[in-house]
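One-based numbering, in listed order, for ligands and for the atoms of each.
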Amino acid sequence: MRILIADDYADLSSRAARIMAGQLYLKPNSVLGLATGSTPLQMYQELVRLHKEVGLDFSEATSFNLDEYLGLAPDDANSYHYYMHQHFFSHINLPQKNIHIPCGRPADIEKECLDYDRLIWQSGGIDIQVLGIGTNAHIGFNEPDIKFEATTHKVKLDEETIEANARFFAAIEEVPRFAISMGMKTIMHAKKVLLLASGENKADAIYNTLYGGITPEVPASILQLHQDVIVLLDAAAASKIRRCLDDNNQNLRS
Ligand code: F6R
């Protein structure tokens with residue numbers, strides 16, 4: 001696990017975009033696992049800039065998003081479909097047929113979950129998975145639980161997640177209570193994981209993820225078992241682990 005500490009959100013975003021761009025230069029037909037939320041927003045803006053100004057090419061790439069709210073249509077301004085098209089897909093040359101986001105209004109949710117996992121598997125698996133992290137350490141919408149969910153599944157969102165995401169909606173009552181999310185097996189099978197966290201309110205989740213026990217109650221802690229994870233933090237999100245990193249360096253020197 002590599003832990004990189006950026007100066008601030010802008011620095012984090014441009015470093016994340018460079019990692020994604022590097023992946024595409026090395027493997028133009030990469031399978032990209034993508035996240036929504038506030039954290040990757042500026043990374044997407046930077047990738048759009050690289051596409052427009054230096055020709056970063058997505059024409060051979062494929063994408064799979066982590067999750068979607070259940071009940072929201074793709075054209076709902078709060079859906080993750082809408083977010084991805086507004087902030088990213090409509091500005092780059094990733095072919096529409098290669099874009100995958102779980103359906104928020106599936107006719108048959110079990111079939112939707114199975115089909116989504118099958119598509120990921122048929123694509124050869126995810127080359128690089130971008131993750132944000134919830135204040136409760138969720139990744140995707142894998143909420144703290146007594147067990148890890150392996151495959152794509154329906155989730156009942158935590159109160160903490162509903163409160164955190166209410167900022168995007170007119171009222172907290174409008175936040176969907178359920179979502180569909182990639183499971184931990186798919187995330188853990190990604191060849192590389194890029195975990196992003198920005199802001200003081202993520203400092204505890206990051207500390208528990210990296211230095212606590214591996215438990216479904218801290219979903220992101222499972223990443224301790226992944227062989228290729230880059231944890232890219234801004235200084236505020238890293239504030240609680242700084243002491244551990246300093247202690248480690250001290251031990252290495254002595
Ligand atoms: C979004 C997702 C979530 C977010 C997390 C952090 O697709 O899977 O796990 O990454 O809730 O959200 P922000 O970045 O808004 O703090």
Side-chain angles (χ1 to χ4, degrees), residues 6 8-10 12-13 16-17 20 32-45 63-70 72 74 76 78-89 99-104 116 120 126 128-145 148-149 152-169 172 175-184 186-188 190 193-206 208-209 216 218-223 229-234 236-238:
D8 52 24
Y9 178 61
L12 172 144
S13 304
M20 296 299 281
L32 310 175
L34 300 177
T36 56
S38 307
T39 312
L41 258 184
Q42 212 169 303
M43 175 193 78
Y44 290 133
Q45 284 166 14
S63 73
F64 287 92
N65 264 76
L66 282 165
D67 42 21
E68 178 58 290
Y69 289 117
L70 276 175
L72 299 192
D76 187 304
N78 283 311
S79 74
Y80 288 164
H81 276 77
Y82 190 93
Y83 169 110
M84 288 307 298
H85 284 89
Q86 188 193 24
H87 297 295
F88 195 39
F89 296 144
I99 293 172
H100 305 92
I101 306 176
C103 175
Y116 203 67
I120 296 173
I126 292 167
I128 185 164
Q129 176 65 58
V130 179
L131 297 173
I133 186 168
T135 51
N136 62 3
H138 72 205
I139 47 178
F141 274 139
N142 291 279
E143 301 284 33
D145 203 340
F148 290 115
E149 286 282 352
T152 300
H153 58 289
K154 178 180 173 179
V155 185
K156 183 175 183 337
L157 295 177
D158 254 22
E159 277 311 310
E160 192 170 333
T161 300
I162 291 166
E163 278 163 32
N165 290 3
R167 68 191 193 278
F168 299 110
F169 293 78
I172 193 163
V175 183
R177 270 34 188 179
F178 292 91
I180 185 166
S181 177
M182 232 184 237
M184 290 304 201
T186 316
I187 293 172
M188 289 297 283
V193 171
L194 174 59
L195 174 66
L196 306 176
S198 166
E200 186 88 47
N201 64 335
K202 301 291 173 67
D204 281 333
I206 287 297
N208 296 334
T209 294
V218 181
S221 64
I222 199 172
L223 296 173
V229 182
I230 300 174
V231 182
L232 178 51
L233 311 170
D234 65 9

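- Annotation: side chain of L32 is not in contact with side chain of V130 (no heavy-atom distance under 4.5 Å).
- E160 and T135 form a side-chain donor-acceptor contact under 3.5 Å, judged by distance and modelled atom types alone.
- For ligand 1, the polar-atom distance check against N165 finds no nitrogen or oxygen pair separated by under 3.5 Å.
- The shortest heavy-atom contact between C103 and H81 is CA-CE1, 4.3 Å.
- Of the heavy atoms in R167, only side-chain atoms (C-beta onward) come closer than 4.0 Å to ligand 1.
- Aromatic rings from Y69 and F168 are positioned such that their centres are separated by 6.0 Å or more.
- An N or O contact shorter than 3.5 Å is missing between Y80 and ligand 1 by distance.
- In this structure, atom 11 (O) of ligand 1 lies nearest to the protein heavy atom H138 NE2, 2.7 Å.
- Nearest protein neighbour of atom 1 (C) of ligand 1, counting heavy atoms only, is T36 OG1, 3.1 Å.
- Distance from atom 2 (C) of ligand 1 to its nearest protein heavy atom, with residue and atom name: D67 OD2, 3.3 Å.
- Residue F148 holds its CZ atom at 10.5 Å from CD1 of I187, rounded to the nearest 0.5 Å.
- Not a single heavy atom of M84 sits less than 4.0 Å from an atom of ligand 1.
- At a 4.0 Å heavy-atom cut-off, ligand 1 touches T39 through backbone and side chain alike.
- Annotation: side chain of H85 is in contact with side chain of I99 (closest heavy-atom distance under 4.5 Å).
- Interface atoms of ligand 1 facing G140, defined by a heavy-atom separation under 4.0 Å, are 2 (C), 3 (C), 8 (O), 9 (O).
- Taking a cut-off of under 4.0 Å to the non-hydrogen atoms of K202, the atoms of ligand 1 that pass are 6 (C), 13 (P), 16 (O).
- Heavy-atom contacts of L66 reach the following atoms of ligand 1: 8 (O) (cutoff under 4.0 Å).
- The distance from the NE2 atom of H100 to the CG atom of L34 is 12.0 Å, given to the nearest 0.5 Å.
- Contact between A35 and Y44 at its shortest, heavy atoms only, is O-OH, 2.5 Å.
- Listed by atom number, the atoms of ligand 1 under 4.0 Å from I133 heavy atoms are 5 (C), 6 (C), 10 (O).
- Here the options are I180, T152, T36, the test is side chain to side chain contact (heavy atoms under 4.5 Å, CB included), and the partner is D67; only T36 passes.
- Among all protein heavy atoms, the one lying closest to atom 10 (O) of ligand 1 is G132 CA, 3.3 Å.
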